[in-house]
Amino acid sequence: MTDSAWIAAALAAARPQALSALLRYFRDLDRAEEAFQEASLRAIKTWPEKGPPREPVAWLVFVGRNSGIDQVRKTRRNVPLPADDILSDLDDAEADMAERLDNEHYRDDILRLLFICCHPDLPATQQIALALRVVAGVPTKQIARAFLVGEAAMEQRITRAKARVAANAVPFDPPDAVARAERLGAVALMLYLIFNEGYSRGHSDEAAARLCDEAIRLGRLLLRLFPTEPEIMGLLALMLLQHARNPARADAEGNLVLLEDQDRSRWNGQMLAEGLALVQKALRHGEPGAYQVQAAIAARHGVAQSAAETDWAGIEQLYGLLEALQPSPVVTLNRAVAVSKARGPAAALALVEPLGERLETYFHFHGVRGGLLLQLGQHAAAREAFNRAIALAGSPAEAAHIRRHLDRLAGLDDGKAGSA
Amino acid sequence: MLYAVLCYSDENVVGSWTKEEDDACLARLAQVQDGMDQKGKLGPVVRLLPTTAATTLRKSSTGEPLVIDGPFAETKEQFLGFYVADCDTLDEAIDFAKDLAKANPVQGSYEIRPLSIYKPSGLKP
């Protein structure tokens with residue numbers, strides 16, 4: 001790694017902290033971003049010569065604040081800018097800044113910056129784009145690629161989102177415990193949205209997979225700020241355990257490979273280990289939440305050496321717990337899949353049938369139901385369900401998966417006709 | 001004499017590397033390790049997961065020890081991994097750490113500490 005790569009990593013690491021401190025100071029997202037940008041440029045210029053500062057974040061905040069003030073002055077009256085050499089002796093100022101910018105302060109600042117991005121008026125995709133651009137510092141071009149839109153369109157989307165959040169400012173007073181918990185919940189959800197956006201296509205699309213990496217990075221940041229929150233541990237664990245499977249999720253042609261068919265030796269062992277450690281840490285708290293339980297389910301899959309060794313009874317129980325915490329027909333459907341593995345298709349179908357009304361238009365409902373009917377030998381009903389599923393498939397991979405079932409069904413029926 | 005070389009760095013910065021940068025850095029470090037290994041001087045090499053995955057057990061003066069999440073110390077640099085190496089002199093240990101430092105340009109420090117007890121076990125990864 002060269003100097004410039006190290007500086008790039010240091011700037012990326014410092015960004016959320018420095019930018020959120022600048023935002024508190026300027027109370028304006030655009031101005032804070034400009035100030036951070038300016039400080040970063042000076043860092044790239046001066047750090048290689050003078051060596052990196054002891055406190056990079058404090059340095060960036062200090063320099064950014066000054067340049068921001070300069071900017072304000074410059075636009076007001078045309079006074080000359082102070083020369084670069086003012087920055088040569090920052091040590092005292094730095095230490096002073098560092099003391100004032102302690103962790104407590106940072107925590108609410110960064111949380112606020114993230115929370116600003118989850119503005120309820122913004123559609124989810126705009127929240128995600130804004131957070132990636134502003135907090136994570138992902139270049140617009142990269143975000144555009146991950147979302148499969150043009151750079152100009154993404155630029156416009158982010159600009160519009162910024163205007164929206166600026167018009168409806170989040171108060172700058174330190175939040176009380178309730179407000180803080182609410183913000184944390186909203187931010188956690190947004191990180192999971194970023195992750196899912198990436199995960200949905202990450203097996204075949206590197207730009208999308210990068211979103212998962214960013215979500216995990218922001219998740220680690222959030223957990224460092226709230227190191228005792230079991231749900232944040234659960235969220236990070238869930239993302240790590242799912243993303244660990246990414247290398248095994250596509251075949252040579254880029255088609256999605258289902259969990260049970262994946263080559264488990266290709267899973268990312270480090271992510272798996274970190275995820276498992278976090279699940280165990282979280283569960284010790286005895287305050288189960290939806291992220292923790294989903295992470296615990298992912299962990300059961302993660303520790304199984306093969307699909308056949310999966311602890312389906314344990315997974316069924318965990319889905320039961322998830323149903324109690326967060327009742328939804330989709331969760332019940334997932335429990336039914338676990339039931340079918342643990343106790344057979346008849347028990348599972350009994351769970352699935354009552355969901356028909358609410359999951360009428362849900363691809364997986366018909367797919368799962370078709371699979372259960374197939375196992376029970378009800379071929380005509382299975383074919384009907386698979387046909388419904390194919391009509392609702394959201395991607396070619398989903399459709400191909402169902403088509404394989406239909407082909408198998410056709411083969412079975414042919415075989416029967418032949419023997420008759 | 002056996003030395004431990006303890007690696008401290010800002011895990012925020014290390015965590016901001018792209019996979020390519022991380023792989024490249026690990027490859028350079030592997031070269032340094034190989035040099036020691038070929039001389040039969042390299043012991044265990046350990047990289048730790050982030051401190052967010054850590055749990056601390058703190059002894060209390062009375063009763064049960066306390067189990068808490070993570071190391072809370074607000075230090076800029078975290079303990080990220082360590083080496084054990086067999087070096088004839090302190091200078092040799094320092095040279096080893098210098099080579100490691102060269103391979104990994106991220107800011108940080110290496111604490112070079114002689115070992116008191118060393119029990120290599122049959123533990124396989």
Side-chain angles (χ1 to χ4, degrees), chain A residues 1-17 47 51-57 98 102-104 106 136-137 209-210 213 216-217 219-230 232-233 236-237 240 268-271 273-282 284-285, chain B residues 8-32 45-58 64-81 99-109 124-125:
Chain A
M1 199 192 309
T2 57
D3 258 7
S4 66
W6 173 75
I7 291 175
L11 290 176
R15 184 184 173 100
Q17 268 188 342
W47 290 5
R54 267 180 322 193
E55 304 278 351
V57 175
D102 59 25
N103 206 34
E104 284 287 300
Y106 274 142
R210 267 226 49 200
D213 293 331
I216 287 170
R217 201 160 78 81
R220 283 209 193 93
L221 170 73
L222 203 58
L223 185 55
R224 265 197 294 275
L225 298 173
F226 297 91
T228 61
E229 285 292 335
I232 304 302
M233 293 175 204
L236 180 55
L240 285 162
N268 182 319
Q270 272 190 41
M271 282 193 197
E274 190 180 351
L276 292 172
L278 284 165
V279 172
Q280 293 179 22
K281 252 182 92 165
R284 285 197 77 257
H285 284 254
Chain B
Y8 292 85
S9 208
D10 183 343
E11 66 181 0
N12 262 320
V13 175
V14 176
S16 294
W17 287 349
T18 62
K19 193 179 176 304
E20 293 71 32
E21 282 162 355
D22 193 43
D23 289 346
C25 184
L26 287 179
R28 280 194 310 272
L29 288 170
Q31 276 187 359
V32 179
V45 175
V46 174
R47 185 190 224 185
L48 302 170
L49 283 169
T51 55
T52 42
T55 302
T56 301
L57 186 122
R58 179 148 296 151
E64 278 291 292
L66 218 55
V67 179
I68 52 180
D69 294 311
F72 272 128
E74 287 185 16
T75 47
K76 291 290 160 201
E77 292 178 349
Q78 291 78 31
F79 179 38
L80 301 187
D99 289 343
L100 293 170
K102 224 179 288 166
N104 180 353
V106 163
Q107 297 303 301
S109 57
K124 290 275 179 289

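Quick note on labels: first sequence line is chain A, next is B, and so on, each numbered from 1. Quick note: numbers below take in every heavy atom, side chains included, and nothing from hydrogens, waters or symmetry partners.
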Undergrad: Of all the heavy-atom pairs spanning B:Val13 and A:Trp6, show the shortest one and how long it is.
TA: CG1-NE1, 3.9 Å

Undergrad: Under 4.5 Å heavy-atom distance to chain B, tell me which part of A:Leu278 shows up: side chain, backbone, both or neither.
TA: side chain

Undergrad: Charged N to carboxylate O below 4.0 Å: is that the case for A:Arg224 and B:Glu11?
TA: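 A salt bridge is present here (some side-chain N lies under 4.0 Å from a carboxylate O).
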
Undergrad: For A:Ala14, is it the side chain, the backbone, both, or neither that has a heavy atom closer than 4.5 Å to a heavy atom of chain B?
TA: neither

Undergrad: Heavy-atom cut-off 4.5 Å, strictly under: side chain, backbone, both or neither for A:Arg217 against chain B?
TA: side chain

Undergrad: Determine the minimum heavy-atom distance between A:Ala13 and B:Asn12, stating which atoms define it.
TA: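 Taking A:Ala13 first and B:Asn12 second, the nearest heavy atoms are CB-O, 3.4 Å.
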
Undergrad: Are the side chains of B:Asp69 and A:Met233 in contact, using a 4.5 Å heavy-atom criterion?
TA: yes

Undergrad: How long is the straight-line distance from CZ of A:Arg284 back to CD1 of B:Ile68, given to the nearest 0.5 Å?
TA: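 One gets 11.0 Å once the value is rounded to the nearest 0.5 Å.
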
Undergrad: Nearest heavy-atom pair of A:Leu223 and B:Thr52: which atoms, and what distance?
TA: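 Taking A:Leu223 first and B:Thr52 second, the nearest heavy atoms are CD2-CB, 3.6 Å.
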
Undergrad: Could you tell me which non-hydrogen atom of B:Ala53 sits nearest to which non-hydrogen atom of A:Lys281, and how far apart they are?
TA: O-CD, 3.7 Å

Undergrad: Heavy-atom distance under 4.5 Å to chain B: side chain of A:Arg210, backbone, both or neither?
TA: neither

Undergrad: Can you tell me how far the CG atom of A:Leu240 sits from the CG atom of B:Leu49, to the nearest 0.5 Å?
TA: 9.0 Å

